[in-house]
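None of the values given here were measured: they were computed from a predicted structure.
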Amino acid sequence: MVEQTQIRRRIGEVFWAFLALGLTSFGGPVAHLGYFRTAFVERRQWLTESAYADLVALCQFLPGPASSQVGFALGLMRAGPWGAAMAWLAFTLPSAIILLLFALGAAVLDGPIASGIIHGLKVVAVAIVAHAVWGMARNLCPDKTRAGIALAAVFTVVLVSGPLGQVAAIVLGGLVGLALCRNSAAIAESAPLHFPVSRRAGVVALGLFGGLLVLLPVMAGSAVWLNVIDAFYRSGALVFGGGHVVLPLLEAEVVQSGWVTPDEFLAGYGAAQAVPGPLFTFAAYLGALLPGMNGVVGALLALLAIFIPGFLLLVGVLPFWNQFRRWGSAQALMRGANAAVVGILGAALYQPVWTSAIIGSYEFILALTGFLLLTVWKLPAWLVVALVAIAGVFIPLP
């Protein structure tokens with residue numbers, strides 16, 4: 001009885017701690033990891049500095065939303081499976097609700113002011129993605145080999161359009177990294193991580209991840225809701241390198257298929273930069289716009305589908321990570337895959353982001369201003385989004 005009371009107390013503690021972060025954590029995945037460190041290593045002392053660093057390394061190694069995976073794992077460590085669920089729900093819910101309301105309201109927005117703000121949101125997406133490419137290139141492509149992998153990834157996604165080209169680029173990047181990036185693969189030495197996950201549960205989670213990845217495309221087409229789950233599950237399963245990388249994957253699934261217009265896509269992506277919490281909640285906005293579905297139901301399906309693969313992989317790897325992370329081959333493979341991710345995002349910066357938003361000199365000046373505000377003045381992303389969106393009102397519309 002005492003133990004159950006303590007578990008319930010810890011579950012509540014996890015929920016309220018992550019709800020506060022979900023309401024205030026602006027700035028993207030890297031900033032979220034800083035917020036988590038302050039909240040759970042320094043203030044609450046749920047884990048040590050070295051354990052937290054190892055947890056971050058694990059989640060950056062895996063595809064999926066790194067900051068949300070770290071939060072999920074922290075909730076799992078603190079209060080078991082229900083703690084993991086509450087950590088995700090509390091961190092995700094605020095921004096998901098805001099973007100859902102934006103999607104439902106965007107359809108009725110009319111007039112020059114509303115059109116100008118939406119136009120500004122499309123332009124600021126250029127600055128946000130360019131800033132992400134710039135930062136990721138410096139961190140993930142610091143040498144000629146990985147810069148070459150990134151360039152090859154650009155060629156791959158240009159020549160092979162759609163999700164197939166992006167998957168091919170990541171696979172080829174990983175294989176080249178395995179062959180050429182071994183010398184730079186440093187093996188981290190730190191204390192092992194301990195989670196309440198058995199090896200059997202890990203194997204089941206990995207089996208579910210792979211089974212859904214294979215079966216959903218086969219089942220898609222029989223029902224609208226299965227098509228939605230398939231598209232967003234596949235996008236969430238192939239995201240290496242952070243939340244911004246989901247942009248080209250989602251664009252290939254929802255824009256190229258005709259579900260969402262390029263203007264709607266970029267306006268929502270711009271709005272997603274102005275809200276706290278994980279960037280993956282952009283899926284709630286897209287789900288609410290999908291044809292043939294209730295907006296709230298579509299948002300919920302898209303949101304669950306895009307997060308589930310990253311969490312299944314995390315649970316599947318946790319029991320084996322302490323051994324696997326010491327393999328130099330695994331480190332080298334991931335260096336190549338991460339470099340390919342930079343190339344994929346670089347290609348997305350041009351098409352569809354640049355070509356859809358930069359239609360004249362005014363848009364170019366505004367996007368460049370936003371980029372400099374992010375990189376030189378280092379203003380928070382939400383403030384830059386707000387400033388550029390307001391400035392969009394004063395740009396002559398075509």
Once you round to the nearest 0.5 Å, how far does CZ of Arg335 lie from CG of Leu140?
-> 9.5 Å
Mind checking whether Leu249 and Leu172 sit in one hydrophobic cluster, side chains of I, L, V, M, F, W, Y counted as touching below 4.5 Å?
-> no
Quick check: does any side chain N or O of His32 sit under 3.5 Å from a backbone N or O of Ser25, one acting as donor and the other as acceptor?
-> yes
Taking ring pair (Phe, Tyr, Trp, His ring centres under 6.0 Å) as the test, write out the residues that go with Phe18, two or more places apart.
-> Phe36, Phe40
Show your reasoning for whether side chain to side chain contact (heavy atoms under 4.5 Å, CB included) applies to Met77 and Trp46.
-> CA-CA 9 Å; Met77 290 176 66; Trp46 286 3; over 6 Å; no
Closest heavy-atom pair, Ala348 versus Pro248, reported as atoms and distance to 0.1 Å, is CB-CB, 3.7 Å
Same cluster or not: are Val275 and Ile97 linked, directly or through other Ile, Leu, Val, Met, Phe, Trp or Tyr residues, by side-chain heavy atoms under 4.5 angstrom apart?
-> yes
Please list all pairs passing the salt bridge (charged side-chain N to carboxylate O under 4.0 Å, His left out) test where one or both residues lie in residues 257-286, with sequence neighbours left out.
-> Lys122-Asp263
Work out which heavy atom in Leu100 is nearest to a heavy atom in Ala288; give both atom names and the distance.
-> CD1-CB, 3.6 Å
Please answer whether the main-chain N or O of Phe394 pairs with a side-chain N or O of Tyr362 as donor and acceptor at a distance below 3.5 Å.
-> no
Nearest 0.5 Å please: distance from the CG atom of Leu208 over to the CG atom of Leu213.
-> 12.0 Å
Could you walk me through whether Val228 and Met293 pass side chain to side chain contact (heavy atoms under 4.5 Å, CB included), step by step?
-> CA-CA 10 Å; Val228 173; Met293 295 201 68; 3.5 Å; yes
For the rings on Tyr285 and Phe265, is their centre-to-centre separation under 6.0 Å?
-> no
Any side chain to side chain donor-acceptor pair (under 3.5 Å) involving residues 70-97? Give me the pairs, sequence neighbours left out, ordered by first then second residue.
-> Glu13-Arg78, Trp88-Thr92, Ser95-Thr281
Side-chain atoms of residues 294-317: list all donor-acceptor pairs with protein atoms under 3.5 Å, sequence neighbours left out, distances to 0.1 Å.
{"unit_1": "Asn294", "atom_1": "OD1", "unit_2": "Val296", "atom_2": "N", "d": "3.0"}
{"unit_1": "Asn294", "atom_1": "OD1", "unit_2": "Val297", "atom_2": "N", "d": "3.2"}

Could you go through the side chain to side chain contact (heavy atoms under 4.5 Å, CB included) check for Glu253 and Phe232 one step at a time?
-> CA-CA 8 Å; Glu253 297 291 349; Phe232 285 89; over 6 Å; no
Would a hydrophobic clustering, with Ile, Leu, Val, Met, Phe, Trp and Tyr connected at side-chain separations under 4.5 Å, put Trp354 with Leu151?
-> no
If you take all heavy atoms of Ala169 and Val157, which pair is closest and at what distance?
-> CB-CG1, 4.2 Å
Between Gly75 and Val14, the two heavy atoms sitting closest are CA-CG1, 4.1 Å
Quick note, side chain to side chain donor-acceptor pair (under 3.5 Å) partners involving residues 129-139, not counting sequence neighbours, are none
Side-chain heavy-atom pair Pro278, Pro65 within 4.5 angstrom cut-off | no
If you group Ile, Leu, Val, Met, Phe, Trp and Tyr by side-chain heavy-atom gaps below 4.5 Å, do Ile344 and Phe155 land in one group?
-> no
For residues 368-378, which side-chain N or O atoms pair as donor and acceptor with protein atoms under 3.5 Å away, sequence neighbours left out?
{"unit_1": "Thr369", "atom_1": "OG1", "unit_2": "Ile365", "atom_2": "O", "d": "2.8"}
{"unit_1": "Thr375", "atom_1": "OG1", "unit_2": "Phe371", "atom_2": "O", "d": "2.8"}
{"unit_1": "Lys378", "atom_1": "NZ", "unit_2": "Thr375", "atom_2": "O", "d": "3.3"}

To the nearest 0.5 Å, what is the distance between CZ (Arg10) and CD1 (Ile7)?
-> 8.5 Å
Find the distance between CD (Gln69) and CG (Leu74) and round it off to the nearest 0.5 Å.
-> 12.0 Å
Look up atom CG in Leu19 and atom CG in Leu93, then write down how far apart they are to the nearest 0.5 Å.
-> 8.0 Å
Shortest non-hydrogen contact from Gly202 toward Val197 = N-CG1, 4.2 Å
Could you check Leu250 against Tyr269 for side chain to side chain contact (heavy atoms under 4.5 Å, CB included), going step by step and ending with a plain yes or no?
-> CA-CA 11 Å; Leu250 286 177; Tyr269 183 72; over 6 Å; no
Any idea which heavy atoms bring Gly71 and Ala87 closest together, and the distance?
-> O-CB, 3.5 Å
Donor-acceptor contact below 3.5 Å, side chain Arg146 vs main chain Ala339 | no
Atom OG1 of Thr355 and atom CD1 of Ile358: how far apart are they, to the nearest 0.5 Å?
-> 9.5 Å
